[in-house]
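Below: the structure, in structure tokens.
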Amino acid sequence: MCRAQGCYSLSNMRTNDEMARLQAAVSALGDVHVSAWPEDTLKDRLGELSATLVTLDALLTRVADEVRARGLRIEEPVSA
């Protein structure tokens with residue numbers, strides 16, 4: 001597919017979609033403030049929250065490991 005900015009392959013379109021989904025996940029996580037949850041709610045949802053956090057950790061580790069396996073480094077962005 002070609003646009004004014006240049007030609008894009010289906011692979012690039014998929015990559016763009018995946019990056020957009022990752023950014024949406026970051027945005028969604030940024031909106032979670034467990035400190036504002038009532039104590040009873042936190043206790044009731046602790047098992048589910050723990051399982052979610054463990055799954056997120058495993059998925060983030062997998063993605064990071066795949067980047068590192070390609071010989072690249074993951075670096076923290078430098079603030080301006």
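Residue pairs that meet the salt bridge (charged side-chain N to carboxylate O under 4.0 Å, His left out) test with at least one member in residues 29-48, sequence neighbours left out, are Arg45-Glu48.
Hydrophobic side-chain contacts under 4.5 Å tie Leu46 to no other Ile, Leu, Val, Met, Phe, Trp or Tyr residue. Alongside Val67, the hydrophobic cluster contains Leu72, Ile74 (criterion: ILVMFWY side chains under 4.5 Å). In the hydrophobic clustering, Leu22 connects to Met19, either directly or through intervening members, whenever side-chain heavy atoms lie under 4.5 Å apart. Think of Val63 as one node in a network of Ile, Leu, Val, Met, Phe, Trp and Tyr side chains linked at under 4.5 Å; it has no links at all.
Atoms CG and OG1, from Asp57 and Thr52 in turn, are 12.5 Å apart once rounded to the nearest 0.5 Å. Leu59 contributes atom CG, which lies 6.5 Å from atom OG1 of Thr55 (distance to the nearest 0.5 angstrom). Atom CG of residue Leu53 and atom CG of residue Leu49 lie 4.5 Å apart, to the nearest 0.5 angstrom.
In this structure, Thr15 contributes its side chain and Ser11 its backbone to a donor-acceptor pair below 3.5 Å.
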> So Arg68 and Asp65, salt bridge (Lys or Arg N to Asp or Glu O under 4.0 Å) or not? Walk me through it.
Replying inline: CA-CA 5 Å; Arg68 291 184 190 105; Asp65 287 347; 3.4 Å; yes
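The side chain to side chain contact (heavy atoms under 4.5 Å, CB included) test applied to Arg21 returns Asp17, Glu18, not counting sequence neighbours.
Across every non-hydrogen atom of Arg70 and Glu66, the tightest pair is CG-O, 3.2 Å.
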